[in-house]
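Structure, as structure tokens:
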Amino acid sequence: MAEVKIGIVGFGFMGHCHADMLKTIDDIKLVAVADTNSNQLKEIPEGIKTYSCIDDMLADADINTVIISTPNPSHLEMVEKSANAKKNIICEKPAAMSVAQFDQMIKAAKQNNVIFTVHQQRRWDKDYQIMKKVYDNRLVGDMYIIKSQLYGVNGNMHDWHVFPEMGGGMLFDWGVHLIDQILDMVDSEVDSLYADVRNVINKDVDDYFKIILKFKNKVMAEIELGTYYLTPKRAWFIGGNKGSALIDGFHGEGKIVRTAHLLENVPGKITMTAAGPTRSFGPPEPGLLKEEPLPEVNVSHRDYFTHFVKAFKKEEELVIKADQVRRVLSVMDAVRKSAKTGEAIRFECKAR
Ligand SMILES: NC(=O)c1ccc[n+]([C@@H]2O[C@H](COP(=O)([O-])OP(=O)(O)OC[C@H]3O[C@@H](n4cnc5c(N)ncnc54)[C@H](O)[C@@H]3O)[C@@H](O)[C@H]2O)c1
């Protein structure tokens, strides 16, 4: 099997994104698309077959791999059908609505000996990869805090994202990516988790959450997202005992800040501020802070598919592994539990 021959089920927003992306990847070919809504199958480029349901597409022997980009609650049915038809599977995130559902998917894939992975392409986001390099190379020393923040101005969810039973809301949306990034970055087990999940302006689904993860290696990670924050931002902060690394923007704009000399036992200098005198929080003395550029990375979402092709050809392992996806879903289950009870959850899971 030299070439990945793809059938996409669910040819809406993400299905179209996949079709465009696949054109740019070697050894992968879009063979067919399936959608129950015939309007989505208009203007399909010549040579690509169309089907009105997944069953007919799965009977097509020209396809060896299915991309599932239908709404969230249908993923289990789509994965089981594709596995039983002996097709490899790339499922959109969130792969499942719960860990229990995901276990059924893993079982179906194992029984049929097919590849099963999830489209967590945000592992190749530039901002994330820069911060992962800061973490992996300990560029700010021993780290104590990682912040991942995503704020927007649109507020309202759209289409099926407004319905809880459809897996709507931001936790199931960007939440999956933001949690996956942190679990991929921190090379330690999660010790405990506290979360608050809110509906700020949406009636039935969440549009704000804060998740605090404490890891066994003493690193704390804080993930915060709000669609009605009204100060748009994609930001990262990593604090360590040899400096701070910060990013403000999807393109990874930011810096590493260090102090010119160690700040142990420095006598307190009183500074008068509008909020009164302070010895610890006045402006830095001239020359105290030095800035360095962040590390360079060269990544794109194409890398998701180029790695998939290599795994398909057995040249390397899958990057997005089922046990990692299961860990993300376990954290999401714990997030919901903590948000409901208002209590921190002791949480045992393997990171990496
Ligand atoms: N990885 C990412 O960054 C990312 C981004 C956006 C969406 N997604 C995921 O992609 C999936 C689809 O989201 P979307 O925004 O493209 O939704 P969408 O509503 O734009 O498209 C879904 C399509 O599936 C079709 N469909 C529904 N039920 C079907 C069925 N039983 N058989 C065949 N077709 C069916 C609909 O007609 C529609 O065309 C979701 O799981 C979502 O979470 C992932």
Side-chain angles (χ1 to χ4, degrees), residues 6-22 32-44 48-60 63 66-82 85 87 89-98 101-102 105 117-128 150 152 154 156-181 184 205-206 225 227 234 250 299-305 307-308 319-320 324-325 328-329 332:
I6 298 273
I8 298 176
V9 60
F11 205 53
F13 166 70
M14 216 46 214
H16 280 81
C17 292
H18 287 309
D20 287 343
M21 177 67 83
L22 296 180
V33 296
D35 202 297
T36 43
N37 180 352
S38 57
N39 286 328
Q40 300 286 37
L41 300 176
K42 288 175 183 164
E43 297 168 27
I44 302 291
I48 295 174
K49 298 184 239 185
T50 58
Y51 294 101
S52 60
C53 76
I54 188 171
D55 304 286
D56 293 343
M57 191 176 82
L58 291 175
D60 188 334
I63 292 165
V66 176
I67 296 181
I68 297 168
S69 47
T70 51
N72 304 335
S74 61
H75 291 176
L76 174 60
E77 179 196 350
M78 300 290 168
V79 167
E80 287 187 329
K81 281 185 170 177
S82 305
K87 311 290 186 191
I89 299 157
I90 298 172
C91 184
E92 260 310 336
K93 51 63 34 189
M97 307 280 279
S98 65
Q101 261 195 8
F102 191 67
M105 295 176 172
T117 187
V118 177
H119 188 233
Q120 294 283 171
Q121 85 286 12
R122 295 205 171 279
R123 291 257 190 111
W124 288 271
D125 280 5
K126 190 175 178 190
D127 54 275
Y128 166 63
L150 182 61
N154 287 336
N156 282 309
M157 304 290 126
H158 54 88
D159 306 314
W160 52 263
H161 295 272
V162 297
F163 302 116
E165 64 278 12
M166 293 295 284
M170 272 293 137
L171 191 58
F172 268 136
D173 195 309
W174 266 85
V176 182
H177 290 302
L178 301 181
I179 294 168
D180 180 68
Q181 289 176 341
D184 183 57
V205 292
D206 66 276
L225 173 149
T227 63
R234 172 58 175 139
F250 283 105
V299 288
S300 99
H301 288 176
R302 292 183 70 253
D303 299 345
Y304 176 87
F305 284 103
H307 280 289
F308 178 82
V319 178
I320 312 293
Q324 298 170 342
V325 175
V328 173
L329 290 168
M332 287 176 65

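First listed ligand is number 1; within each ligand, the first listed atom is number 1.
- In the vicinity of Met78, heavy-atom distances shorter than 4.0 Å reach the ligand 1 atoms 30 (C), 31 (N), 32 (N).
- For a threshold of 3.5 Å applied to N or O pairs, the pair formed by Gly15 and ligand 1 contains no separation below that value.
- Residue-ligand proximity, Pro94 to ligand 1, at heavy-atom distances under 4.0 Å covers atoms 43 (O).
- Residue Val9 approaches ligand 1 through these ligand atoms, each under 4.0 Å from one of its heavy atoms: 33 (C).
- The shortest N/O to N/O separation between His161 and ligand 1 does not fall below 3.5 Å.
- The contact set between ligand 1 and Asn37, taken as ligand atoms under 4.0 Å from a residue heavy atom, comprises 37 (O).
- Counting atoms of ligand 1 from 1 in the listed order, those under 4.0 Å from a heavy atom of Gln40 are 38 (C), 39 (O).
- At a 4.0 Å heavy-atom cut-off, ligand 1 touches Met14 through backbone and side chain alike.
- Close approach to His75 involves these atoms of ligand 1, each under 4.0 Å from a residue heavy atom: 41 (O).
- In this structure, Phe305 has its ring center closer than 6.0 angstrom to the ring center of His119.
- With a 4.0 Å heavy-atom cut-off, ligand 1 is reached by the backbone of Phe11 but not by any atom from C-beta on.
- For Gln120, no heavy-atom contact with ligand 1 is shorter than 4.0 Å.
- Listed by number with element, the atoms of ligand 1 under 4.0 Å from a non-hydrogen atom of Gly12 are 20 (O), 21 (O), 23 (C), 39 (O).
- Residue Phe172 places no N or O, backbone or side chain, under 3.5 Å from any N or O of ligand 1.
- Against a heavy-atom cut-off of under 4.0 Å, Gln121 is close to the following atoms of ligand 1: 1 (N), 2 (C), 3 (O).
- Counting only distance, with no hydrogens or angles, the side chain of Thr117 and the backbone of Ile320 share a donor-acceptor pair below 3.5 Å.
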